[in-house]
Amino acid sequence: MNPRRWYRLKHLIYLAFAALLASCGDTALFFPIPEEQPRIEVLTVQSGTVLTPTDNISIEILFDGEVLEVDRMTIDLGAPDGVTLFSQELGAEEIQALPMPLELPEDLVTGRYVLTVSLYYLDDLVTEQQSEFYVAAEPYEITGFVSYPGIFYPGGKGLVVADLLVPEGSDPYLRWRAAGDVVGEGYLSEGADSIELEVPDRAGVFSLALELFPVGDGSRDPPVRDFLSTNRLEAQFFVSTDQTPEPHELGPEESYTSLFHFRGELVDRGRQGAETPARFTGPVTLGVADGSFGFELSPDSALVIEESLIPFDVDDVSVHPFSFSIRFVPYSFGTILAVRDENGEEYVKLEIDDAGAPAFRIGGARSSVHDAGIVLDKTLELTVSVVPGPSGLRFLWFASGLPIGDESVEFDPTDLPSHPYTTIGGEGFAGLLDELGIFSAEAEAEGEAVDSAVFARAMRLKYGSDLLLAEGFDGLDVPNGITVVGEDGTVSVEGGVATIGANARIELPPIPIDFESLRLEVATVSGDLAVDATVDVDSAPSSTRVVRYDTRLGFLSSTDEVVAPPLEEGPVRIDLTVTDDVVRLLTADGASDLLLVPYSDSDLIVTIGATGDEPFSVDSILITKNRSEEARDERIVDRQPEP
């Protein structure tokens with residue numbers, strides 16, 4: 001007989017025999033059916049609850065029987081070191097009066113406590129409930145999150161930083177959860193208020209939660225039990241390939257052969273892009289420093305790209321014009337960029353020495369800047385534009401938008417490497433990489449040969465949406481959008497300075513008048529100039545002058561009447577306000593009683609020209625919405641990534 005069939009048969013026989021005995025009166029005593037005991041449950045403070053010293057604890061008993069067979073209850077409050085701080089015993093009548101509030105001792109300090117509630121009947125323990133909770137004498141709150149980047153890239157990395165309100169000198173324990181699982185934990189002093197995430201490799205939304213415990217128990221591992229803290233905050237974060245650049249970031253993408261934004265990923269968004277994905281060597285983490293976010297390199301780590309970022313042509317034995325820009329926070333100086341051949345022979349090197357002086361070498365051509373003013377631990381956008389000429393290379397240097405050097409060096413391109421690769425860092429340099437790009441216009445492409453938006457990017461970062469126009473003359477010619485007025489006038493651009501001939505004027509792009517107050521600043525290098533601000537009104541036959549500022553005479557009205565003396569020092573600064581549908585001039589002494597012209601449906605036109613027979617030079621033009629410094633500080637804070 002099949003053994004399995006025999007087992008089933010025996011089982012059926014046993015059940016039938018048991019049923020027969022159970023139906024035969026007293027024979028049922030051979031098979032007693034245990035009576036189910038009434039269920040008793042103690043409801044009190046939930047483990048993980050964070051209370052204040054003035055809070056009460058409620059105790060309640062739930063049972064499903066007709067009579068509660070409990071005649072005694074003990075309540076014990078214990079400190080973390082095991083010492084009993086509070087003990088109380090209740091009799092049967094007091095138990096029947098439950099629920100009851102239990103007041104905490106007034107002298108409880110911030111810490112972890114254990115409440116034990118025990119129920120007895122005839123001195124036998126019926127049930128016991130133990131709760132572990134926390135008391136915080138001062139506020140302990142999670143007020144929000146900031147994510148870097150604001151939108152995560154699929155398969156990349158992300159950094160989430162918690163904004164905490166905790167007492168000074170405290171060290172709460174923090175625990176991060178994703179999809180219910182613990183993904184990070186530790187003390188605040190260990191940096192647990194931030195977490196580096198492996199972002200899901202698909203677009204969508206995911207949730208992340210943070211729990212805060214006022215204290216941890218160093219004798220445990222982990223220092224808190226696996227219950228949820230009532231001091232908890234959860235938020236949703238977005239994952240998408242749509243990574244729209246900020247206005248102050250490098251761009252547009254089509255102007256760059258290679259472009260890395262380092263938003264937790266190594267995607268090359270340039271028009272060519274590296275054929276082999278970039279990779280890191282050595283220890284690299286995500287970080288935030290001086291308002292910048294990116295990858296943090298140690299002196300022993302580097303970014304490796306298996307080709308040359310510098311656009312030179314081995315076949316033609318030539319270097320194309322380009323601009324190399326990197327935004328970073330240096331922790332220590334050293335090699336920023338290097339291009340080597342397959343044998344490790346170095347051909348290109350950008351480095352910063354211990355004095356903060358940058359130098360760039362291509363082959364035997366080397367340019368350096370000794371008074372660059374580069375310091376550690378501060379965000380810097382360093383740009384060097386390289387322009388080949390008949391006998392050498394011209395190096396244009398910029399630090400955070402401002403020109404710091406212009407040098408021409410002899411160059412022999414005969415020893416270009418055949419199989420180059422690029423490294424960023426790796427030789428003494430430590431710092432945070434925020435952005436990196438190679439602006440390179442091909443010979444047949446239209447547009448600028450080198451990056452001419454260096455100054456504008458720096459001003460966008462500083463002023464945000466308040467910026468109306470910024471021109472630093474950091475290209476090789478008169479910028480697009482600026483019109484040269486005057487038949488025989490000449491304008492030349494060199495080293496971040498525009499030199500305007502005596503018979504020429506430059507006209508800036510029209511600015512729609514939709515502001516309450518505007519500030520125009522013209523930084524001059526040499527010579528005397530006049531700045532005219534006119535309003536182009538559709539209903540008027542021609543433009544109407546609002547104000548002229550003459551570096552010799554000062555502020556002039558529309559009738560050439562002098563209304564304020566020249567500025568004593570600093571850039572030419574003109575403030576205009578819009579009140580009662582007219583544009584008014586705010587003069588240097590604060591007067592604003594000049595009635596000007598209606599501004600409805602009009603543009604502001606600014607022209608700059610010479611006041612005499614000699615040329616003059618301008619190194620930057622800036623037009624912003626005029627706000628107080630306090631308002632600008634608030635705006636800068638508001639531009640931080642959204643939670």
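Below, all heavy atoms of this structure are taken into account, side chains as well, without hydrogens, waters or symmetry copies. Treat the numbers as computed from the prediction; the structure is a model and nothing was measured.
Take E427 and apply the salt bridge (Lys or Arg N to Asp or Glu O under 4.0 Å) test, not counting sequence neighbours, and it matches R340, K349. Scanning for salt bridge (Lys or Arg N to Asp or Glu O under 4.0 Å) contacts around R220 gives E132, D217, with sequence neighbours left out. Partners of S301 under the side chain to side chain contact (heavy atoms under 4.5 Å, CB included) rule, at least two apart in sequence or in another chain, are P283, V284, L297, S298. Judged as a salt bridge (Lys or Arg N to Asp or Glu O under 4.0 Å), and not counting sequence neighbours, the contacts of D123 are R72. The ring pair (Phe, Tyr, Trp, His ring centres under 6.0 Å) search around F133 returns none, not counting sequence neighbours. Applying the salt bridge (Lys or Arg N to Asp or Glu O under 4.0 Å) test to R263 and every residue at least two apart in sequence or in another chain returns E249. In this structure A203 satisfies the side chain to side chain contact (heavy atoms under 4.5 Å, CB included) test with no other residue, sequence neighbours excluded. Applying the side-chain hydrogen bond (donor to acceptor under 3.5 Å, both in side chains) test to T44 and every residue at least two apart in sequence or in another chain returns nothing. Scored by the side-chain hydrogen bond (donor to acceptor under 3.5 Å, both in side chains) test, D76 finds S87 as partners (sequence neighbours excluded).
A donor-acceptor pair under 3.5 Å is absent between the side-chain atoms of D377 and the main chain of Y331, judged by distance alone. Between the side chain of S332 and the backbone N or O of F429 there is no donor-acceptor pair closer than 3.5 Å. In this structure, E253 contributes its side chain and G270 its backbone to no donor-acceptor pair below 3.5 Å.
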Let me have the donor-acceptor pairs involving side chains of residues 151-177, under 3.5 Å, with sequence neighbours excluded, atom names and distances please.
{"residue": "K157", "atom": "NZ", "partner": "E198", "partner atom": "OE2", "Å": "2.4"}
{"residue": "D163", "atom": "OD2", "partner": "T143", "partner atom": "OG1", "Å": "3.1"}
{"residue": "S170", "atom": "OG", "partner": "P167", "partner atom": "O", "Å": "2.6"}
{"residue": "D171", "atom": "OD1", "partner": "L188", "partner atom": "N", "Å": "3.2"}
{"residue": "D171", "atom": "OD1", "partner": "S189", "partner atom": "N", "Å": "2.8"}
{"residue": "D171", "atom": "OD1", "partner": "S189", "partner atom": "OG", "Å": "3.2"}
{"residue": "D171", "atom": "OD2", "partner": "S189", "partner atom": "OG", "Å": "2.8"}
{"residue": "Y173", "atom": "OH", "partner": "E185", "partner atom": "OE1", "Å": "2.9"}
{"residue": "R175", "atom": "NE", "partner": "E211", "partner atom": "OE2", "Å": "3.2"}
{"residue": "R175", "atom": "NH1", "partner": "R225", "partner atom": "O", "Å": "3.0"}
{"residue": "R175", "atom": "NH2", "partner": "E211", "partner atom": "OE1", "Å": "3.4"}
{"residue": "R175", "atom": "NH2", "partner": "R225", "partner atom": "O", "Å": "3.4"}
{"residue": "R175", "atom": "NH2", "partner": "F227", "partner atom": "O", "Å": "2.5"}
{"residue": "W176", "atom": "NE1", "partner": "A192", "partner atom": "O", "Å": "2.8"}
{"residue": "R177", "atom": "NE", "partner": "E211", "partner atom": "OE2", "Å": "2.6"}
{"residue": "R177", "atom": "NH1", "partner": "G180", "partner atom": "O", "Å": "3.1"}
{"residue": "R177", "atom": "NH2", "partner": "D226", "partner atom": "OD1", "Å": "3.1"}

Check residues 90-101 and write down every donor-acceptor pair under 3.5 Å in which the side-chain atom is one partner and the other belongs to a residue at least two apart or another chain.
{"residue": "E94", "atom": "OE1", "partner": "G91", "partner atom": "N", "Å": "2.9"}

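Residue pairs that meet the salt bridge (Lys or Arg N to Asp or Glu O under 4.0 Å) test with at least one member in residues 96-109, sequence neighbours left out, do not exist here.
With rounding to the nearest 0.5 Å, the separation of CG in L115 from CG in L85 is 11.0 Å. With rounding to the nearest 0.5 Å, the separation of OG1 in T281 from CG in L303 is 8.5 Å. In this structure, L77 CG and L102 CG are separated by 7.5 Å, a value rounded to the nearest 0.5 Å. Atom-to-atom distance recorded for H248:NE2 and M459:CE is 12.5 Å, nearest 0.5 angstrom. Here OG1 of T423 is found 7.0 Å from CG of L337. Values are rounded to the nearest 0.5 Å. Note that OG1 of T624 is 7.0 Å distant from CG of D466, once rounded to the nearest 0.5 Å.
Enclosure of atom CD in E60 by more than 12 non-hydrogen atoms of other residues, nucleotides or ligands within 6.0 angstrom is indicated.
Considering every non-hydrogen atom in both L197 and L208, the closest pair reads CD1-CD2, 4.0 Å. For the pair L432 and G287, the tightest heavy-atom approach, listed with the atom from each and the gap, is CD1-O, 3.2 Å. Across all their heavy atoms, L104 and T52 have their closest contact at CD1-O, 4.0 Å. Of all non-hydrogen atoms in G437 and L250, the two that sit nearest each other are N-CD1, 3.6 Å. Closest approach of F145 and E234 over heavy atoms only: CE1-C, 4.4 Å. For the pair T379 and A289, the tightest heavy-atom approach, listed with the atom from each and the gap, is OG1-O, 4.0 Å.
Side-chain contact check for F237 versus V205: every heavy-atom pair is 4.5 Å or farther apart. Looking only at side-chain heavy atoms (C-beta outward), V114 and S131 stay at 4.5 Å or farther from each other. Contact annotation: the side chain of V117 approaches that of I59 to within less than 4.5 Å [non-hydrogen atoms, C-beta and beyond]. The shortest distance between side-chain heavy atoms of I336 and I326 falls below 4.5 Å. Using a 4.5 Å heavy-atom threshold, the side chains of S325 and R457 count as touching. At least one side-chain heavy atom of Y148 sits less than 4.5 Å from a side-chain heavy atom of V288.
Each of Q130, E128, Q129 was scored for a side chain to side chain donor-acceptor pair (under 3.5 Å) with T116, with one residue passing: Q130.
The distance between the ring centers of F295 and F280 falls below 6.0 angstrom.
In this model, no donor atom of one side chain and acceptor atom of the other lie less than 3.5 Å apart for T74 and E89. Residues N56 and S58 have side chains that never bring a donor and an acceptor to within less than 3.5 angstrom of each other.
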Would F213 and Y134 count as a ring-ring contact (aromatic ring centres under 6.0 Å, His included) if you check the C-alpha gap in whole Å, the side-chain angles of each, and the deciding distance to 0.1 Å?
CA-CA 7 Å; F213 302 87; Y134 298 83; 5.6 Å; yes

